[in-house]
Chemist: 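Sharing a structure here in structure tokens format.
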Amino acid sequence: MSGIKIAERLSRIEPTASSIASQKAREMKAAGIDVISLSVGEPDFPTPEHVIDAAYEAAKRGETRYTNAAGTPEMKQAVIDKFKRENGLEYAMDEVMVGSGGKQLLFDALVSTVEEGDEVIVPAPYWISYIDHVKFAGGTPVVVTGHAENGFKLTPEQLEAAITPNTRWLVLNSPSNPSGAVYERDELKGLADVLLRHPQVAIFADEIYEHIVFDDLEFCSIAAVEPRLKDRTVTMNGASKVYSMTGWRIGYCGGPAPLLKEMTKLQQQITGSNSSVSQAAALAALSGPQDFVPKNTQSFQDRRDLVVSMLNQATGLKCSVPKGAFYVFPECGALIGKKTPEGKVIENDTDLVMYFLESHGVACVQGAAYGMSPYFRISYAAAEDELRAACERIQRACAALR
Ligand SMILES: Cc1ncc(COP(=O)(O)O)c(C=O)c1O
């Protein structure tokens with residue numbers, strides 16, 4: 001280590017478990033080992049052709065310079081149109097902004113508002129970054145664990161019990177990474193009724209998996225279900241998951257203008273602006289044809305059915321049927337305490353995923369990383385034959401434990 005001293009705030013955050021697992025899988029592959037990686041949260045579909053063309057044409061037109069920190073006017077208008085068309089949410093120009101991924105907007109919102117002693121309610125299982133961003137901002141994450149019987153969803157009673165005078169935010173992710181839970185209209189209304197009684201609590205609605213909802217379930221935005229919450233809700237979404245654009249780094253949100261002004265100031269100082277060509281691409285994605293979206297969702301639903309069925313045939317695993325996103329989150333309690341053929345005891349879900357990877361060549365992520373054990377997460381955004389092979393390996397791995 002060099003003599004450069006690292007600031008204390010960096011000790012509050014960790015590298016994400018999913019990138020550690022993916023990195024390890026890549027290294028094993030590079031060493032010639034046969035590994036199927038189901039650890040990373042990105043669609044395997046290519047970015048649509050017309051979106052790539054739009055980026056190329058924008059670059060040729062000279063759209064290669066800094067843009068407004070909150071997004072180009074054209075992209076912001078496309079975001080306004082999207083929220084109106086798909087979510088019934090009306091925003092003005094100063095009530096939307098674009099970020100370099102939804103992740104940046106989460107960071108902007110928390111760092112702009114959270115101070116020492118402030119609490120942020122994070123329902124578990126949760127997307128890993130919520131906890132780290134809250135801690136980085138100096139706040140305290142208040143984790144409320146969902147029950148499997150309730151599809152891992154936060155209930156109004158749990159929410160009411162978790163709120164204190166110090167609560168600043170509720171982070172609500174639907175469809176959820178990693179559980180795939182989708183909050184229905186009446187469930188959002190139940191949570192909204194609690195929130196109406198606590199005006200100090202803002203809502204960060206992470207809707208990045210909005211379009212990946214199965215079994216004809218209706219997707220609902222909390223700010224539309226309860227319009228009285230709109231002026232304290234940040235509704236976040238992005239191009240990554242629905243348009244297979246993870247590498248383009250474009251997210252966006254709608255929310256109260258005074259907060260977005262501060263978030264924009266932060267972006268001005270940190271990234272200056274979002275990528276100009278990526279914004280042109282995302283603009284084409286939002287305003288162009290949407291016919292491939294339901295096709296992709298159907299394909300995810302077919303893969304979900306395959307993976308859930310195969311995992312439920314594995315000894316010791318119980319996999320519920322998620323309603324959205326592209327993850328399954330099986331329970332593996334029956335395998336904890338068992339021994340591998342090499343004689344190693346599986347003490348927890350981290351040991352189990354290590355065993356899956358090292359002995360059977362399948363990379364997934366331990367539930368502990370999402371605040372809930374004993375579980376693990378599989379991202380099934382992969383080709384069907386790969387999924388089949390991975391699930392067969394997991395079945396063999398589970399059967400070999402004694
Ligand atoms: C729940 C959730 N929210 C937000 C994001 C961020 O996506 P991006 O920064 O690519 O827009 C992800 C990505 O994995 C996610 O799973």
Side-chain angles (χ1 to χ4, degrees), residues 15-22 37-45 47 51 71 75 79 82 96-110 120 122-134 141 146 152-154 169-183 203-213 219 221-222 234-254 263 267 270-271 274-275 278-279 281-282 285-286 300 322-329 364-365 367 369-372 377-381:
T16 65
S18 54
S19 37
I20 295 172
S22 312
S37 182
L38 303 179
S39 49
V40 66
E42 61 186 347
D44 57 325
F45 304 117
T47 301
V51 171
M75 178 59 189
V79 168
K82 180 264 176 247
V96 294
M97 70 182 280
V98 182
S100 298
K103 201 177 224 176
Q104 184 179 30
L105 294 163
L106 172 73
F107 184 86
D108 291 345
L110 293 175
V120 177
V122 181
Y126 45 70
W127 180 46
I128 303 174
S129 294
Y130 300 138
I131 300 291
D132 291 60
H133 286 212
V134 172
F152 303 98
K153 286 181 267 193
L154 178 72
W169 289 93
L170 162 68
V171 177
L172 197 65
N173 176 211
S174 173
S176 152
N177 171 10
S179 71
V182 178
Y183 286 80
I203 302 103
F204 191 90
D206 180 344
E207 303 186 347
I208 198 114
Y209 295 98
E210 171 184 5
H211 292 93
I212 311 171
V213 170
F219 171 83
S221 288
I222 190 161
V234 172
T235 303
M236 183 270 266
N237 210 318
S240 287
K241 316 288 176 176
V242 56
Y243 301 118
S244 308
M245 291 178 68
T246 46
W248 299 77
R249 310 306 305 129
I250 294 292
Y252 54 85
C253 69
M263 290 166 60
Q267 282 194 179
I270 295 175
T271 48
N274 305 298
S275 154
S278 292
Q279 288 183 81
L286 281 179
F300 282 131
K323 292 291 185 184
F326 41 69
Y327 308 102
V328 286
F329 198 57
C364 33
V365 186
Y370 305 96
M372 199 155 175
R377 186 194 82 167
I378 284 181
S379 164
Y380 56 81

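In listed order, ligands and their atoms are each counted from 1.
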Chemist: Tell me the residues surrounding ligand 1, counting only those with a heavy atom closer than 4.0 angstrom, sorted by chain and number.
Modeler: G101, G102, K103, W127, Y130, N173, N177, D206, I208, Y209, M236, S240, K241, R249
Chemist: Rounded to the nearest 0.5 Å, how far does OG of S278 lie from CD1 of I250?
Modeler: 5.0 Å
Chemist: With no hydrogens and no angle check, just 3.5 Å: does a side-chain donor-acceptor pair link S275 and W248?
Modeler: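 There is no such pair between these side chains.
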Chemist: Hey, does L106 have a side-chain heavy atom less than 4.5 Å from the side chain of Y130?
Modeler: yes
Chemist: Between F326 and Y380, does the ring centroid distance fall short of 6.0 Å?
Modeler: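 Between F326 and Y380, the centre distance exceeds or equals 6.0 Å.
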Chemist: So does C364 get a backbone contact from the side chain of R377, meaning a donor-acceptor N/O pair under 3.5 Å?
Modeler: no
Chemist: For Y327, enumerate each residue passing the ring pair (Phe, Tyr, Trp, His ring centres under 6.0 Å) test, keeping only those at least two apart in sequence or located in another chain.
Modeler: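 Partners of Y327 by the ring pair (Phe, Tyr, Trp, His ring centres under 6.0 Å) criterion, ordered by chain and then number, come out as Y209.
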